[in-house]
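Order of listing sets the numbers, starting from 1, for every ligand and every atom in it.
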Amino acid sequence: MNPAVRAVVRTARDKGMEVYGVNHGYRGLMEGDLHSMDLRDVSDIIQRGGTKLFSARAPEFKTEEGMQKAIDVCRKYGIEGIVVIGGDGSFRGARDLSLRGVPCVAIPGTIDNDIACCDYTIGYDTCMNTIVEMVDRIRDTTESHDRCSVVEVMGRSAGYLALYSGIAVGATSILIPEIPYDLDKDVIQVMEETMKTGKQHFVIVVAEGVGGVEDMARKIEEKTGVESRAVILGHVQRGGSPTARDRIVASLMGNRAVKLLMEGIGNRVVAMQKEQIVDFDIFEALQMKKSIDMEIFKVSAEISI
Ligand code: F6P
């Protein structure tokens with residue numbers, strides 16, 4: 001998110017606009033927690049994880065009173081447009097504010113890559129690379145001890161992280177919330193088949209939305225005789241210095257968002273499709289559907305044997 005914040009501030013200042021940073025998202029907007037930002041306020045953040053502007057959940061913002069508080073703050077500071085970074089919930093807030101006369105442009109920021117209008121959301125690549133690095137480390141013990149590691153990665157309701165990181169780490173099985181699974185057929189049998197060809201260690205990648213990795217590891221050990229361990233990667237996946245891809249995409253998106261606002265265009269989502277930066281009406285963006293590519297899921301199984 002920091003490279004996006006930096007690009008927004010730099011682009012807006014370059015065009016002669018005044019910029020405020022709002023701390024803690026919509027919560028800060030309702031509370032009037034904002035401060036003027038200039039070019040040097042975003043120096044040395046392009047390489048930092050997290051967000052200089054902090055983040056928060058803001059249930060009150062969904063209420064009419066909460067929305068009104070935010071609008072009052074915008075009027076008080078003379079705010080004529082807002083760039084919002086986040087997922088679907090943030091987009092809905094941006095749509096509602098736009099409807100009430102505060103033009104907003106949203107940028108997709110979530111490690112889950114589960115925003116329908118976008119092929120790519122900022123944070124995803126950094127998270128994927130962290131998962132790959134962590135699982136490569138886990139694999140060293142898995143391999144030297146002839147074990148099975150059952151690794152839970154984030155993705156409470158979306159399996160993109162698990163599917164693609166699973167391919168990248170050479171997982172024997174990948175379990176994601178979108179596709180029902182059968183432990184015997186999709187994990188145990190696959191392990192047993194590969195054992196016949198000499199395989200002795202295994203990595204199973206499980207999305208958080210599937211869960212139950214401790215139990216799974218116990219059952220795998222019972223049924224296959226392969227010593228098994230569960231590992232939950234947790235919040236290491238949500239931090240760390242952004243990758244080059246994330247920095248570039250976030251920078252381009254931040255720049256586009258400001259240019260849209262400059263033209264007086266609000267209620268838009270900036271997105272990436274087929275490697276191009278594009279933008280959509282927020283209403284349309286929220287109607288779109290995105291689903292797991294079943295062909296890719298099949299490929300992951302074909303190359304895991
Ligand atoms: O929405 C992104 C996400 O990273 C999910 O994959 C994960 O389940 C969740 O956030 C974790 O959120 P929290 O830190 O609030 O538990």
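- In this structure, Lys290 forms a cation-pi arrangement with Tyr160, its terminal cationic atom sitting closer than 6.0 Å to the ring centre and no more than 45° off the ring axis.
- Within 6.0 Å of the CD atom in Glu80, the count of heavy atoms belonging to other residues, nucleotides or ligands does not exceed 12.
- In this structure, Val42 is not a member of the same hydrophobic cluster as Val22, with clusters built from ILVMFWY side-chain heavy atoms closer than 4.5 Å.
- Annotation: ligand 1 has protein neighbours Arg57, Ile111, Asp112, Met154, Gly155, Arg156, Glu208, His235, Arg238, each with a heavy atom less than 4.0 angstrom from the ligand.
- In terms of hydrophobic clustering, with Ile, Leu, Val, Met, Phe, Trp and Tyr side chains grouped at heavy-atom distances under 4.5 Å, Leu29 and Ile85 are assigned to different clusters.
- Within the 3.5 Å criterion, the main-chain N or O of Tyr181 finds no donor-acceptor partner in the side chain of Asp186.
- Cation-pi check for Arg245 over Tyr120 is met; the charged atom lies under 6.0 angstrom from the ring centroid and within 45 degrees of its normal.
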